[in-house]
Every structure is written in C-alpha cells, then in structure tokens.
2 protein chains.
Amino acid sequence: MPATAKQWRVQERPINRSFRETDLRLVEEPLKPVGANEVMLRACYFAFDPAQKGWMENAANYVAPINVGDVMRSRGIGRVVQSNSSKLKVGDLVRGDLFMADYFTLPMDGPTPANVEKVDTTVPLLTNLSILSNTGIAAYFGLMDVGRPTAGDTVVISGAAGATGSLAGQIAKINGCRVIGIAGGAAKCAWIAELGFDHAIDYTTGDIAKRLRDVCPNGINVFFDNVGGGILDIALAQIAPRARVVLCGGISRYSSTVTTGPLNYFNLIYNHGRMEGFLTRDYLPQWPEAKRRLSTWIKEGRIKSREDVQEGFENLPRTFMRLFEGKNIGKQILRVSDPELA
Amino acid sequence: MPATAKQWRVQERPINRSFRETDLRLVEEPLKPVGANEVMLRACYFAFDPAQKGWMENAANYVAPINVGDVMRSRGIGRVVQSNSSKLKVGDLVRGDLFMADYFTLPMDGPTPANVEKVDTTVPLLTNLSILSNTGIAAYFGLMDVGRPTAGDTVVISGAAGATGSLAGQIAKINGCRVIGIAGGAAKCAWIAELGFDHAIDYTTGDIAKRLRDVCPNGINVFFDNVGGGILDIALAQIAPRARVVLCGGISRYSSTVTTGPLNYFNLIYNHGRMEGFLTRDYLPQWPEAKRRLSTWIKEGRIKSREDVQEGFENLPRTFMRLFEGKNIGKQILRVSDPELA
C-alpha cells in the first residue's frame, strides 16, 4: 500500500458553460489509517455519466452537495485492500459510489454505505457499471414507468448510442416496439443498427425532421430524450396523440449556456401529450427487481452493452470530457488499475 | 325575418402576430331559404375563447379548418326562428357551435350537429356559455384528470381571473386544495379572492417568483397554466416533487411571435414532474357526467361564474380583442339580440 493517495478534487463549478479539464485538480495526500468499521479500496474502474457535471454545478441540489475542494465522486469498481468491517474482506471486488482517488477509505456502518456491494460475477464485469448500474436503472424505469411503451408503439431515442439510450432502445424492442435511434456519426448508427434498432438517424447529416417523418409516418408514441435542445423540439413537433416524452437527460444543455426551452411544448396540448422527468433514486425500492430483470436479459443475450475504456488515473478529466465531445460509444469507463491484482 | 344576414368572415390568418380587428370582415348576404332538416337561428349571444385565434391560424389542424373567407365560428346562444327539423321548434333557445352571423342556418340531420341543444333553463342563462360550455369542461378535466389534485395540495393557477382559470380554482377548492391565483390587476385579484382563492398574486406589481415562494413554501403540487411564457417558467422553477403541470392554454403566446419555450423544463427531471396538455374533445364521452356535476355545483352555489357582456354585433372583433388585452374578468360574451324576443 502506498503512503499517499492521488485524488481528483473539484477546482471550479462548471456553471453555464462546458466542463473544462481544469475544473478538476489532481492532489496527493497522505493515506490516513483505516478506522473502525471502515474499508480501504484500490480503485480499478470509474464510470462516467453526463449527470456528474450537474453534481459539480450542484444543480437543483438533487444529490448530496459537492463543494469546491471536495474529492469528486464517481460510480466505480474497486478492490478491498484493508478491512475493519465484517461486511467486506480483503480481496473482495466491489461496485459502488466511490471517490475519484486511487486509494480511499469508505465507512461501512450505514445501511448501504455509498451503495457498496460485491460485484455480480455472473455477468461480464463491466456490465456492473453499465446495465446493472444507474445507467441501466435509468433506461429501465425511464422507458418502462415514464414512457409506458406498448407493443406496436414507435419509440424514438435521442443520444441513442450512449449507455442509457442504447439500453432503452433494446428494452423497447423487448416490449415489441419499433425503435428509431438518433445518434451522431456513421459508427454510432452502425452500432445501434447492430443492436436491433429498426432505424438509425445520423444527426450530423441531412434533415433530421424530414427523416423522422419518413420513418414515423404515424408520429412518435414515446420519445426518450437524452439530448434536449433542437432535437427535443423536432420530436415534440412530431408526437402522436397521447405521446409520452421521457426526460432522461439533456447532454446538449451541458455544453452551453441555455437560452431557450422547447418551443414546441404547445404540441403537448394539441396531442394530449405528456412530458415527464425522473431520477433513478425515485425508484429505489424497485431497483432489485429491475436489476434482476436486466441481469436475466444480459444472460439471455437480449441486451448488450458496449464500453469505451480509456486508461490511466491521470486521464480522468480528459475521459470525462469525451462524453461532452460525443466521442464515446456506449458507457464511458476509465481503467485505473488491474482488477485481477489481489 | 330580414332578407339579408350580416356575417363576420375571416379576412386574414393572425399567424405569428396578435389578432387585429381587420382579421375579420363584415359582409352582408341574402338569406337563403331553409332547406330540409335545417333550422334558422337568430343569434343572441356569442362567447369568446383565446383558442379561437388558434382556429383562425389553423394551428395544428386541431379543429375543422377555417379558411380565409369562411364565416367565423363561435360558441353561442340563439333562438330558432324557422325550423324544418323535428328536433327543434320555432322559439327554442339553443346553445351550440354557431356561426358569427346575426341569422344563419344549421343542418340538423347529423348526430350532434354543431353540438346544438336546448339551453339548460335550471341554471342562469349565461352559465350555458361558461361553466356548462367548453370553458367549464376545460377547467373540469384539466384539473381533475390531468392535474389530479388531492386534498392538501397547493394548486397555482395562471390567468386565474379568466373564465377557465377562475373555475379551475373553485373546483380545486372543492377538492380540498390550497389555491393561489395569478392575475393582472387589483380588480381581478379582488374577484378571485371573493371566489374563495386562498391567495391572489397580481402579476403587474412586484416580484411574482418571490411572492409565489412566500405562499408556496413547500412548492407547487399542481400548476394550471393558461398563460405560458415567463409565468410558466417561474412556476416550473418552484414545482414540488411529483408536480403536475397542466397545459390548458397560453394567452401570452397569442400576442407575440414565440421565440422561446419553458427554459426551466429540466426541473421536471429533478422533481419527477409531469407536464401534460389536453383538449376538451379528448373527453367527449365524459362530458355529460362533467356537466351534471358542474350543474349541481352551480345550483349549490359552490361555483360561480362572471360574465363580461359587451353589446352589438358590430363590436364583435373589438370584443374578441379584449381577451388579448386582458380586459375581461370572467367569460367574455357579446350580446347581439334579446333572447326574450320570440
């Protein structure tokens, strides 16, 4: 065990502007001894989510506040290297809400401290950070409970090659829907076609509104939005009667000062449409059931995830940035140490 | 019976701009003889609704198209002056979707031609054009089915002194809610206080957001929106968890070129809020039940309406304009002839 730990601390809040690499600052500090009911973890993988920018902004206070100077948080996988808790032993590989540090200590005396639990070893390791994590929970409840798809519905997904979008589309297919994904670039579109989406629309080429009209001649029954901005407006203009617009995220909002909302929201009146948002924590009691279903679908090969794995603790802000540059296909992951090392 | 009829015909569509008096043109034409299964009516009252501007724009084609040159339509009350139908006899006083003409002929062979039916004489005559008409239906289903209030909820209503808003507030009170109305000017605020609203916020004075925070310390459970624009955004910023935003109308949109949507829609995510629109026709099979309840509440004195009655067929465009100038308190009506005359 080293004498010091490297940590990424919040240097500045990225409010009303894009995230910059310098918003996080690398700090090295002496490792404190592990106290009673505490465990020390060595970080193996971190998983990234656009919502983390919102945490740094402290937007709407919807997660525990992260202040300037705090070590940034991230979902991740770590190996227990020291344990003063009966709940985990040295060598256990765990997933949870970790800190962006190479080594760090977690208290284990709460009911679900940092949501730390042993990884599910019956599925590919990294699906613990994608399908079986917040990402999968968001796709599952966003589609199933907010979107309420029924067989035959036309479901359109923006940010469809992202971790949540790609999964929401596959769950919509399982529900018997026609699924159209909107994504940026040929590679992303090829991948979502491979996942079984009925159509992929590359928003970087041509007229999205026209192509959407072509493939949704009866309108959109469910629009699962990860993007916001102009794409949300185009979709609102094409909703079918009694459409459901699922507000899952707004990646377009994270890169700019927001100066307009959805101009076409009035179409919700003409079509008796519903636009509804959610957070994964709204479904906390139902997570085990969702994870059980998702885990079954993984094993049956009915849902797949793809990970974009970058390397090296020092590359952490750079890796986070990829989300806002549209570089990742599937879940953005950073590998910081070998999980196989004891 | 005169030899000619005066009619207000659509001269121009008021798209992306305010309604102008010259958008309607007064025309006089010979009266045609009444055909088989037709009745001729003399108009007594017309009722106005901001949505009529949308009809003239042919917005979203949500009602039968009204073309330039057509006689404009309006909800109204008329007296049957000639009848070739067994359904109505000379002298009957009826309500329905009429034409903006002093005399006009309606076919009576459809199942509900122009929704024409005898007025309900057990309630004050003009409530046939307000509470027991589209206005009341909108308030009833918008609040009850879209807003889903429960006792103890805080319900905020914009355009609260309008015909629909004032009724929605009274229905919310019957449901056991705390009701806050937003309206323009002391007279309107005094009137909604008189109707039993718990608070009235005059948007023409001071900081609406602050005053709304003061009277809704736990946030807004149901926001019933008749206005759109900046007021919708202020309300979205203050929704409570699981709030319902009822999109009933958008009077602010009718007076301007719309260049922005609700900036704070993202708050629907943080609070699992729902924003939903509707049209009264979505509830057609349930209208009789709604009218029965509304009629009972009128007779019990639990809901009241107020009418702003202008005079004279020639003043029709001027009277319609009052809606967009915020001049009316309660339902905007035009009296064009004496209903007591046989």
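Chain letters run A, B, ... following the sequence lines, proteins first, then strands; residues in each count from 1. For clarity, every value in this text was computed on a predicted model and none was experimentally measured.
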Heavy-atom proximity to chain A below 4.5 Å, by part of B/L236 =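 Looking at B/L236, nothing touches chain A.
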With a 4.5 angstrom heavy-atom cut-off, could you sort out which part of A/I239 is near chain B: side chain, backbone, both or neither?
->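 Neither; nothing under 4.5 Å.
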Part of A/R242 within contact of chain B (heavy atom distance under 4.5 Å) |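 Contact with chain B: side chain only.
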Any chance you could lay out the side-chain contact (heavy atoms from CB on, under 4.5 Å) test for A/Y265 and B/L232, step after step, and finish with the verdict?
-> CA-CA 11 Å; A/Y265 84 95; B/L232 172 56; 3.6 Å; yes
Heavy-atom check, side chain of B/E276 versus side chain of A/L268, under 4.5 Å |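 No, too far: nothing below the 4.5 Å cut-off.
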At what distance, to the nearest 0.5 angstrom, does CG of A/N271 lie from CG of B/D282?
->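 Interatomic distance, A/N271 CG to B/D282 CG, rounded to 0.5 Å: 9.0 Å.
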Which atom of B/Y270 lies closest to which atom of A/L279, heavy atoms considered =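 It is O-CD1, 3.5 Å.
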Which pair of non-hydrogen atoms, one from A/V146 and one from B/H272, has the smallest distance, and what is that distance?
->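 In this case the closest contact between A/V146 and B/H272 is CG2-NE2, 4.2 Å.
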